[in-house]
Participant: 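Quick one: this structure, given as structure tokens, is what I'll be asking you about.
Just so you know, these numbers use all the heavy atoms, side chains as well, and skip hydrogens, waters and symmetry mates. The chains referred to below are lettered A, B, ... by the order of the sequence lines, with proteins before strands, and numbering in each begins at 1.
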Amino acid sequence: MPYNHQEIEKKWQAQWEADSAFSADASKKSKKGNLYILDMFPYPSGAGLHVGHPEGYTATDITARKRRMEGFNVLHPMGWDAFGLPAENYAIKMGGHPRDITRKNIDNFRRQIKSFGFSYDWDREISTCEPEYYKWTQWLFLLLWKNDLAYRAKAPVNWCPTDNTVLANEQVVDGKCERCGTLVVQKELEQWFFRITKYADRLLAGLDKLDWPERIKAMQRNWIGKSEGVEIDFDIIDDKKEEVIRVFTTRPDTLMGVSYIVLAPEHPLLDELVTEEHQMDLVNYRDQARKKSELERTQLEKDKAGIFTGAYAHHPLTGELVPIWVSDYVLTTYGTGAVMGVPAHDERDYAFAKKYDLPIKWVIASPDQDDRVADAAYTDMGILVNSGQFDGLTSTDAKQKVADALEGEEKGRRVTFYRIRDWLVSRQRYWGAPIPAIWCEDCGVQPVDPKNLPVILPDDVDFKPTGQSPLVGSKSFHEVNCPKCGNAARRESDTMDTFVDSSWYFLRYTDPTNSEVFADEASIKAWCPVDLYVGGAEHAVLHLLYSRFVCYALKDLGYLEFDEPFVALRNQGLILGPDGEKMSKSKGNVVNPDEIVSEYGADTLRLYEMFMGPLEDAKPWDTKGVVGVRRFLDKVWMARERLADSVDPAIDKAVAKCVKRVGDDTDAMKFNTAIAEMMKCANVFAAAEAIPREAYMTFVRTMAPYAPHLAEELWSEVSGAKSVFDHGWPVADESLLKDSIVAVAVQVNGKLRATIDISPELGADEARARAEATENVAKHLEGKEVKKVVYVAGRVINFIVV
RNA sequence: GGGCUGGUGGCGGAAUGGUAUACGCAGGGGACUUAAAAUCCCCGGGCUGAAAGGCCGUGUGGGUUCGAAUCCCACCCAGCCCACCA
């Protein structure tokens, strides 16, 4: 008979809640110490949870439950990343207030998450949109501001015309708004920034010590984009002025191959140096370039077009004349906005030179002479040629020698550039934490006194985005005095990027109700940093990089004793629809976890999601497969009817092996193979007429982190004791793990010819004799000379014959 | 174009130098049943053979090794990420 999952799961969820079974208490004595196991908190969308959410949550829940059984004190909290555009857009479209919509969504998310039986400490639940929380987001802003890590500046920024707000670089994907897909336009606006670039080098170096997926580390390295090279000054030939064009290159070894210089269309020196004859060309070209959207610039990647300015510069070492060109393949936002054109050894320069018939000078020869093709740039390292004093050097040596020469002449210097930009944190939207600043006509922009936090998000506003923050229209919000001179002033009306909210939330969980500090020092010390963090790979750069930055800053400012917030990180893979495609409403392949829980139970859903395949892989959903794990649970359930005070060494052995394997695999987060092992054990139970009670109860404890409801029910029914989680993680009986007889493969010249059942302790000679005695092996050895015999005890014996 | 990850039965996957395909799904056969469902047991890489067995087999081609899905080299394909970054 199948078990009644609805009744059992409801019963134990209520029991856990009544017992506060999972409350984390740092003051509690624990023999193993404290662990912080964290899920990336969800954005509570209107659609509710999808099956992807419980995948990561189950992985951490299994880990947390097992660690508790082992005697660790575990902090395992859940909360809500509750500010953000979707709720606000929904409110604009459908009416209502983003707060009400968000709270309703949170209620639904909480109900769903509780239905899965996760062992969260609900007393620590946080929500970033509540004033008790965002007070400290604002405090963080003030702290960074006070320490010159937050500042206001005018800069070219990304503007989304649909959402009517600026976006961080990280939120622009393929030139489009990450949220709504609208083409982003560049605007010159004054905005608030966090000085993340100050930490570029440390954020890069810190990656090395992290237990994170290589992929994620590579993406962060890529995003930080460190490149070491040389800045080179080219003197402009101009009687009137002493100006230089500064270029940046990572390949100073190609300096002798320069045949022109290219400036970005926005380069500040352009107006001065363009000759009269080329002035109109420049005006037209700039006009054209400005009209191109980011997307067009990307799509036209291969089309290198530009114009000649009529001006020339001196080569810094040879003094040779070098023409100065303009093209938008050079970006203002990287390096110096000017590059030296070396067509022979750079693909872009090559394309440009071909188009405008500029000289192509080969200065690097491939060490592999034949490799050099004349109809393409040679971009690898090599040996210098046609380079005067540098001839014969390798690229690596030449880089140093050229840099030395330039530094000697004061024509250049070694520099490091980063691709990462400062983090733009202000948004012209309503549903976010107000930036705690006050504008005074006399004193300029002033920080709000921390005593007056939180700056409450007002209700008397119209949410419709107009390009200005909706807060601009709020009267109550703006009746404020300057904190410095006391005169009437107005509040900053921008709100913060929601990534600021989520950049520190894991600290708040350690002390979620504190109204004096963002979290008490002792609480942070007790739990942080996070020992295990699990979430989707989509946060590879944004959230994870921002959180790291905030922790580095807080450490420098004396608030934390660690810089890296997440010691170990794992990404759960995407769960695809049954058709193997990414789940989406439009494809109609979305699986609703509520239906699985109601039809098969939470334990089945948990087990199935872990059984599908390795945690980090993308895996298609198969409802038929769900039935398979439910059958397994029913087998375990039914086995309780055949318990006996009997002895069965075979079953004891199967259980001991299961305990060992499940323990090891759970620690390695190989949940799929752990479950396969439990299934094997259940099959042994199913085939047995009587099952030793002791062995069965050990199995139930082993299964408990995976299927906690069923385990609790079986434990209380069979043992009469209260919670299976109070009884510790079972220890495998080592003596049962060793097999006295094993099947050893017998090979002749590497081909399997037989297997023999022998003791793994058996000596090589005896094993050989046993192997030779088997009929098939004898047949293959007949008439052959045995050159060598390889024996690996307990595994394989291989005869090498001729 | 660059980087990363991967390619194993009909399907999800297991095995990280030692019997390839554990476990599950789907399929076939049997037991129980008036019957069906449920449940339980057995069989499932290909070719060949009555069987025992033999040959082939982890994307392709080579290499290292007594022995390779696993390590090395080259290539093909797929997915993800980045991409005019000088």
Side-chain angles (χ1 to χ4, degrees), chain A residues 1-2 173-174 213-219 221-223 225-227 229 247-251 254 262 264 297-298 300-304 327-331 333-342 345-349 351-352 379 417-419 537-538 540-541 573-574 576 580 607-608 611-614 616-629 631-632 634-635 638 670 672-683 686-687 742-756 775-776 779 787-801:
Chain A
M1 284 297 290
V173 178
D174 282 340
E214 270 316 309
R215 218 160 58 81
I216 303 294
K217 292 205 237 181
M219 281 162 76
R221 285 191 191 104
N222 201 324
W223 187 263
K226 180 178 184 170
S227 52
V247 306
F248 173 67
T249 181
T250 53
R251 292 294 303 273
T254 65
V262 202
R297 273 171 88 142
T298 319
L300 296 170
E301 203 174 297
K302 294 288 173 269
D303 182 32
K304 301 275 175 293
S327 174
D328 66 1
Y329 85 81
V330 177
L331 309 174
T333 49
Y334 186 78
T336 57
V339 303
M340 59 185 207
V342 186
H345 306 292
D346 181 280
E347 279 165 26
R348 294 152 298 174
D349 296 344
F352 195 73
T379 57
F417 269 101
Y418 295 93
R419 210 174 69 96
E538 67 273 17
V541 274
L574 225 47
L576 308 169
L607 243 359
Y608 175 64
F611 185 59
M612 290 170 83
E616 314 217 353
D617 288 8
K619 310 159 279 264
W621 183 271
D622 175 15
T623 301
K624 289 270 181 51
V626 177
V627 177
V629 300
R631 281 183 195 144
F632 155 67
D634 282 328
K635 253 183 235 182
M638 252 113 79
K670 288 161 70 178
N672 53 331
T673 50
I675 293 167
E677 190 63 30
M678 288 191 265
M679 286 174 165
K680 270 191 206 171
C681 205
N683 289 340
V742 291
V744 169
V746 184
Q747 301 177 336
V748 178
N749 284 346
K751 279 192 192 296
L752 182 72
R753 295 302 177 192
T755 59
I756 48 174
E775 194 188 338
N776 201 37
K779 198 172 91 192
K787 283 277 196 199
K788 191 177 167 187
V789 178
V790 179
Y791 179 56
V792 182
R795 307 229 57 154
V796 72
I797 180 162
N798 191 7
F799 293 87
I800 318 306
V801 301

Participant: Which one, rC4(B), rG13(B), rC66(B), comes nearest to the side chain of Pro614(A)?
Facilitator: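 When the side chain of Pro614(A) is considered, rG13(B) is the closest of rC4(B), rG13(B), rC66(B).
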Participant: Across the strands shown, which category fits Lys670(A) at heavy-atom distances under 4.0 angstrom: base, sugar-phosphate, nothing?
Facilitator: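 If one applies the 4.0 Å heavy-atom cut-off, Lys670(A) turns out to touch the sugar-phosphate alone, with no base involved.
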Participant: Need one value for Glu214(A): base, sugar-phosphate or nothing, where a base atom within 4.0 Å counts as base even if backbone is also close, heavy atoms only.
Facilitator: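 Nothing: the residue Glu214(A), judged by heavy atoms under 4.0 Å, touches no strand.
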Participant: Measure from the side-chain heavy atoms of Lys779(A) and tell me the nearest of rG53(B), rA15(B), rC23(B).
Facilitator: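 So the side chain of Lys779(A) is nearest to rG53(B).
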Participant: Could you state the CD-P distance from Glu677(A) to rC23(B), rounded to the nearest angstrom?
Facilitator: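 Distance, rounded to whole Å: 10 Å.
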Participant: With both distances under 3.5 angstrom, what nucleotide forms a Watson-Crick or G-U wobble pair with rU65(B)?
Facilitator: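 For rU65(B), the partner nucleotide comes out as none, under the 3.5 Å rule.
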Participant: Side chain of Met679(A) only, heavy atoms from C-beta on: which candidate in rC23(B), rC66(B), rC41(B) is closest?
Facilitator: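 Nearest to the side chain of Met679(A) among the choices is rC23(B).
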Participant: Checking one value: the base orientation of rG9(B), syn if chi is within 90 degrees of 0, otherwise anti.
Facilitator: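 Syn, angle within 90° of zero.
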Participant: Below 4.0 angstrom from OP1 or OP2 of rC85(B), is there any side-chain N or O of Thr250(A)?
Facilitator: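 It does not, given that no N or O in the side chain of Thr250(A) lies less than 4.0 Å from OP1 or OP2 of rC85(B).
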Participant: Give a yes/no answer on whether the side chain of Arg631(A) brings an N or O atom under 4.0 Å of OP1 or OP2 in rU39(B).
Facilitator: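 Yes, Arg631(A) has a side-chain N/O under 4.0 Å of OP1/OP2 on rU39(B).
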Participant: Describe the nucleic acid contact of Asp634(A) in one word from base, sugar-phosphate, nothing, applying a heavy-atom distance below 4.0 Å.
Facilitator: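 No contact.
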Participant: In terms of the angle between their ring planes, are Tyr334(A) and Phe417(A) parallel, tilted or perpendicular, with boundaries placed at 30° and 60°?
Facilitator: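 The rings of Tyr334(A) and Phe417(A) sit tilted, inter-plane angle from 30° to 60°.
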Participant: Strictly below 4.0 Å: does Arg753(A) bring a side-chain N or O up to OP1 or OP2 of rC55(B)?
Facilitator: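 Answer yes for this pair, as a side-chain N or O of Arg753(A) is under 4.0 Å from OP1 or OP2.
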Participant: Check whether any side-chain N or O of Asn776(A) sits under 4.0 Å from OP1 or OP2 of rG54(B), and answer yes or no.
Facilitator: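 Indeed, a polar side-chain atom of Asn776(A) lies that close.
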Participant: Does Asn683(A) have a side-chain nitrogen or oxygen under 4.0 Å from the phosphate oxygens OP1 or OP2 of rG24(B)?
Facilitator: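 So the side chain of Asn683(A) is within the cut-off, an N or O lying under 4.0 Å from OP1 or OP2 of rG24(B).
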Participant: Just to confirm, is there a sub-4.0 Å distance from OP1 or OP2 of rA83(B) to any side-chain nitrogen or oxygen of Arg419(A)?
Facilitator: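 Checking Arg419(A) against rA83(B): at least one side-chain N or O falls below 4.0 Å of OP1 or OP2.
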